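Down below is the structure, laid out as structure tokens.
Note that these values count all heavy atoms, side chains included, but never hydrogens, waters or copies made by symmetry. All figures in this text were calculated on a predicted structure; none of them were measured in a lab. Each ligand, and each atom within it, is numbered from 1 in the order the structure gives.
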Amino acid sequence: MPPAHAQIPVDDETYVLVLTGAGVSAESGIPTFRDLGGLWEQYPVEQVASPQGFRDDPQLVWSFYSERRRRGLTCQPNPGHLALAALERRLGERFLLITQNVDELHRKAGNQRLLEIHGRLYQSRCAHCQRPPFDDERCYDASGAPPLCEVCEAGGRMGLLRPHIVWFGELLDPRHFLEIEEFLERSRSGRLVFLAAGTSGSVFPANTLVDQARAAGAETWLVNAEPPDNAQRFERFVQGRSGEILPRLFG
Ligand code: OAD
């Protein structure tokens, strides 16, 4: 294992593909999913983060996401987020950030070359009509009725609004995979680095990106508080908090 001050050399030929997970937002005060006291401990996953859970009890699902919306509004990007935003400014098109986080903190930090593959907490969409997702910071409590789509209502239907989140059992947006493939293809003209940070490596398909990157010739790095499930698939592992490691990781 390299020492905590290990650095990834970055020059004009370097492409960097980053995958982040909940650990990157832990130092901003957002609980991770699987750590002690994590998000799934208070609510069973299938009840609050699945299409079936939403059909059974949309109010419960909305109260779960409303609580996350409220809490997230008071959270700010930490030095780990800011380091990735600085790296994007430095590399431009040779940078791409894939996040499993829905908290939008990478966006808040300034990243634009960003794929939020599990959705966005501050967007909603209609569960029925094709209206595109829209910005929405509103919160709905368990005691009230779940929100209806204004577009559906105007047509005399009763479409429910839902958070713009990819739930268990749902498919990721295929356009994101195309963008990742296109990035890997472009990186063939230079040197590719793949970095995963703050993710337990337990959720498909994000946990297979490391294999895809390796197949494209990437050097693979992992920054995480503990060795996660797929740690042995990385060449370099730097153990520690991403808010401390990321700001001094890129040489
Ligand atoms: P997890 O909660 O599974 O894992 C977070 C990882 O971050 C753990 O391995 C921790 O050791 C590590 N960690 C905690 N604090 C850290 C810190 N300060 N610095 C670095 N690492 C730290 O979260 P994810 O891997 O993001 O999906 O979970 C993946 C997906 O599972 C989520 O996007 C969510 C969930 O089901 C959906 O909601 C669709």
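Under a 4.0 Å N-O distance rule, the pair E67/R70 does not qualify as a salt bridge. Between R68 and D103 there is no salt bridge, since no side-chain nitrogen of the basic residue lies less than 4.0 Å from a carboxylate oxygen of the acidic one. Salt-bridge check for R214 with E219: failed, with every basic side-chain N at 4.0 Å or more from each acidic carboxylate O. Between K108 and E104 there is no salt bridge, since no side-chain N of the basic residue sits under 4.0 Å from a carboxylate O of the acidic one. Taking the charged nitrogens against the carboxylate oxygens, R94 and E13 have no contact shorter than 4.0 Å, which rules out a salt bridge. Under the 4.0 Å criterion applied to side-chain N and carboxylate O atoms, E179 and R175 are not assigned as salt-bridge partners.
Atoms of ligand 1 lying under 4.0 Å from at least one heavy atom of F168, given by number and element, are 36 (O). Within ligand 1, the atoms closer than 4.0 Å to a non-hydrogen atom of A22 are 23 (O), 24 (P), 26 (O), numbered from 1 in the order shown. If you number the atoms of ligand 1 from 1 as listed, the ones under 4.0 Å from a heavy atom of E27 come out as 17 (C), 18 (N), 19 (N). Atoms of ligand 1 found under 4.0 Å from any heavy atom of G21 (numbered from 1 in listed order, with element): 26 (O). Annotation for ligand 1: atoms under 4.0 Å from non-hydrogen atoms of G198 are 5 (C), 6 (C), 7 (O), 21 (N). Listed by number with element, the atoms of ligand 1 under 4.0 angstrom from any heavy atom of A26 are 15 (N).
Checking only distances, S202 never comes within under 3.5 Å of ligand 1, N or O to N or O. Not one N or O of G201 is nearer than 3.5 Å to an N or O of ligand 1, by distance alone. For ligand 1, one of its N or O atoms has an N or O atom of A225 under 3.5 Å away. Between R241 and ligand 1, a contact under 3.5 Å exists for no N or O pair. Not a single N or O atom of V166, backbone or side chain, sits closer than 3.5 Å to an N or O atom of ligand 1.
A ring-ring contact (aromatic ring centres under 6.0 Å, His included) check over residues 70-112, counting only residues at least two apart or in different chains, returns the pairs H81-H106.
Both the backbone and the side chain of T199 come within 4.0 Å of ligand 1, judged by heavy-atom distances. Contact annotation for Q100 and ligand 1: heavy atoms of both the backbone and the side chain come within less than 4.0 Å of the ligand.
Across the listed options N101, N224, T32, N224 owns the non-hydrogen atom lying nearest to atom 8 (C) of ligand 1.
For W167, the closest heavy-atom approach to ligand 1 does not fall below 4.0 Å. Contact analysis puts G240 in contact with ligand 1, with a non-hydrogen atom separation below 4.0 angstrom.
Take D57 and apply the side-chain hydrogen bond (donor to acceptor under 3.5 Å, both in side chains) test, not counting sequence neighbours, and it matches no residue.
Remark: R162 is not positioned above the aromatic ring of W62, lacking an NZ or CZ atom under 6.0 angstrom from the ring centre and at most 45 degrees off the axis. Cation-pi check for R138 over Y140 is not met; the charged atom does not lie both under 6.0 angstrom from the ring centroid and within 45 degrees of its normal.
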